[in-house]
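Throughout, residue positions are numbered sequentially from 1 according to the sequence presented.
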Amino acid sequence: MSLSVTVVPTKPFKDQKPGTSGLRKKVPEFQQQHYTENFIQAVLDGGLSDRKNGAVLVVGGDGRFLCMEAANVIIKLAAANGVSRLIVGQNAFFSTPAVSALIRKGFEGRQIDGGIILTASHNPGGPRGDFGIKFNCDNGGPAPDGVTNRIYEITTKISEYRIVNDLQCDFTQIGRYEFNVEGRNFVVDVVDPVEDYVKLMQQIFDFDKIRQLLSGKLTGSRFKVLLDSMHGATGPYVSTILCDHLGAASEDMLRTVPKPDFGNGHPDPNLTYAKALVDRSKQGDHDFGAAFDGDGDRNMILGRNGFFVTPSDSLAVIADNIEAIPYFRNRRVSGFARSMPTAGAVDLVAKAKGMEIFETPTGWKYFGNLMDAGRMCLCGEESFGTGSDHIREKDGVWAMLAWLQILAERQTSVQNLVQMHWKKYGRNVFTRYDYENVDGSGANLLMNFMEAQMPAFIGRELSANNVKYTVASADNFQYKDPIDGSVATKQGLRFLFTDGSRFVFRLSGTGSAGATIRLYVDSYIPPGDSGRLFMDSQDLLKPLILVALDLSKMEQFTGRKAPTVIT
Ligand code: VG1
Ligand code: CO
């Protein structure tokens, strides 16, 4: 039977501009008539352009509420738009890193033109929670600004979309499904979402050695690992890798069943939302802990007794020990990169190793070009993102395995590894204050007020708690991509001080309601300053935080006395 295409008239929605990482809105907004269809049509046209006809795409998401419905819409629109084949994870499920890996690997010898990822990442899910749609390009990475702008342009002018209403594909069962759409062949391959990703990890890491670390064969005592998947996408990957392959205890793998509402949780692996893991870790029974976000690209690393590794330090420690990872032993190690608000610990490692270091705007999409050009192989963000050029997304499970591999090689504790790092390079103390869901106009006023003041502050002395800081420079961060020359402006207000400390203000681009102001603060303690090297980060940064809050008039503009999340 041949299925026919229906052309449906529609009108633009004004709010379909992708943010830091795709389009994110509350579920009811995506449920409006034509809303999801409009955006998918724009993604197919803007994301694929002249490659749309005959294109091969990967589709899947983190299992949150609406993933199945959205996958259905994608299948029906793709069929009507001349796409030749979709590779869909069983139950429309894939972690974000697994999608990136599959796009890069190809499918049965065919090249893949991109992917559509259904996730709002670390944002809560459920019928009143968040949903999101993101387009990734044929390199496996999030679409760069040029592409998302093109998609957005189309959403502002769209007048119709194409759909095959009668096409029903049961993507709960693995297999190949073929359809005839007005004489053309359209194929949906429903695949196991876990298998290929696990194989990739086996190629990157030495599983035998990690297994020996965990069992105690390596050091004489067992090494206990506690992981929290927060009911997000990593669950099935973690169970397979840690329990089936590495011999970890399944009772130490928490919340591994993906749930549409993340069990009513907030799947963001930080000290606030992954508190359950932190508390368990503090009981002292485990040598290592890690948590992951909704779509599996973020990670938080803990040592014994809840010892917290900041993402900035995690990146630097991995960089310093990069040759412990077999993948990097077999290839040329190119440069490192971090997002601008991430503390500069990795810069010091790059310098010591004589490697290039790049400072990019917030968002993984800015790393892709550097990796594709072979200039950079390891990067991270302070927002619990760490990854390498094995794919083009940050990768939570990869980061956890990188740590285990390094610990197997170095045979020491997490805390000792980090503290030895500080003794060698000094410590980049970092904290982030998030003011979530504040009134949008107040947030904009705060940013405008500060930007206007910036020039006047340069050279001025600011103080709090009897500590003085002199402003060396202040600007709104701008980045010119060294590969394609594209420029990203207004990426965060930076105040840099003469002693190397700094703070940064940014508005979040991933929220779905109101505005979120992020304040990033960091300071450098040299290795010789043994009095302060191991002090509590909040104590160390207190004066600088007070300066930042005072300067920005945070309370006046937002009415908030305290942040919602402190990292
Ligand atoms: C946040 C983080 C950023 C990260 C982005 C996507 O963006 O700060 O570092 O790349 O989320 O992460 P923003 O604009 O809200 O600060 V994920 O795991 O949500 O895809
Ligand atoms: Co994420």
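- Residues Q491 and N476 bring no donor and acceptor atom of their side chains to less than 3.5 Å of each other.
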Under the criterion side chain to side chain contact (heavy atoms under 4.5 Å, CB included), I'd like the reasoning laid out for F336 against I322: C-alpha separation, chi angles, the key distance, then a yes or no. CA-CA 11 Å; F336 303 140; I322 198 157; 4.0 Å; yes
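- For D261 and K259, the salt-bridge test fails: no basic side-chain N is under 4.0 Å from an acidic carboxylate O.
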For a salt bridge (charged side-chain N to carboxylate O under 4.0 Å, His left out) check, start with the C-alpha distance between E393 and R298, then their side-chain angles and the critical distance, and finish with the verdict. CA-CA 10 Å; E393 289 277 7; R298 295 185 178 202; over 6 Å; no
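- Relative orientation of the Y520 and F430 rings is tilted, given thresholds of 30° and 60° on the angle between their planes.
- Considering CG of L3 and CZ of R184, their distance stands at 10.5 Å, rounded to 0.5 Å.
- No hydrogens or angles considered: nothing links the side chains of Q168 and N72 as a donor-acceptor pair under 3.5 Å.
- Ring planes of H266 and Y273: parallel class, angle under 30° (limits at 30 and 60°).
- By the 6.0 Å and 45° rule, K17 stacks over the aromatic ring of Y152.
- For F65 and F131, the ring centers are positioned 6.0 Å apart or more.
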Is there a side chain to side chain contact (heavy atoms under 4.5 Å, CB included) between K26 and E29? Walk through the geometry before answering. CA-CA 6 Å; K26 293 278 172 222; E29 298 191 47; 4.1 Å; yes
Could you go through D145 and K365, starting from their C-alpha distance and side-chain angles, then the distance that decides it, and tell me whether this counts as salt bridge (charged side-chain N to carboxylate O under 4.0 Å, His left out)? CA-CA 8 Å; D145 289 334; K365 58 189 168 195; 3.2 Å; yes
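- Under a cutoff of 6.0 Å and an axis angle of 45°, R331 and Y327 form a cation-pi pair.
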Could you walk me through whether R255 and D228 satisfy the salt bridge (charged side-chain N to carboxylate O under 4.0 Å, His left out) test, starting with their C-alpha distance in whole Å, then the side-chain angles of each, then the deciding distance to 0.1 Å, before giving a yes or no? CA-CA 6 Å; R255 299 193 275 188; D228 188 352; 2.7 Å; yes
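- Heavy-atom neighbours of N180 CG from other residues, nucleotides or ligands within 6.0 Å: above the threshold of 12.
- Checked against E382 for a side chain to side chain donor-acceptor pair (under 3.5 Å), the options R432, R518, R338 give a single hit: R432.
- In summary, E178 and R85 do not engage in a salt bridge, as defined by a charged side-chain N under 4.0 Å from a carboxylate O.
- Counting only N and O atoms by type, the side chains of S121 and D293 include a donor and acceptor under 3.5 Å apart.
- Q16 and N38 are not linked by any side-chain donor-acceptor pair at a separation below 3.5 angstrom, with hydrogens and angles left out of the test.
- Shown are K52, R51, K157; of these, the salt bridge (Lys or Arg N to Asp or Glu O under 4.0 Å) with D45 is made only by K52.
- Between F205 and W398, the ring planes lie tilted relative to each other; the angle falls in the 30° to 60° range.
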Starting from the C-alpha separation in whole Å, work towards a yes-or-no answer on salt bridge (charged side-chain N to carboxylate O under 4.0 Å, His left out) for R494 and E359. CA-CA 13 Å; R494 308 192 287 184; E359 185 180 37; 3.7 Å; yes
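- A distance of 6.0 Å or more separates the ring centres of F384 and H122.
- Between F367 and W364, the ring planes lie perpendicular to each other; the angle is over 60°, past the 30° to 60° tilted range.
- Annotation for D389 and M371: closest pair CA-SD, 3.7 Å, computed over non-hydrogen atoms.
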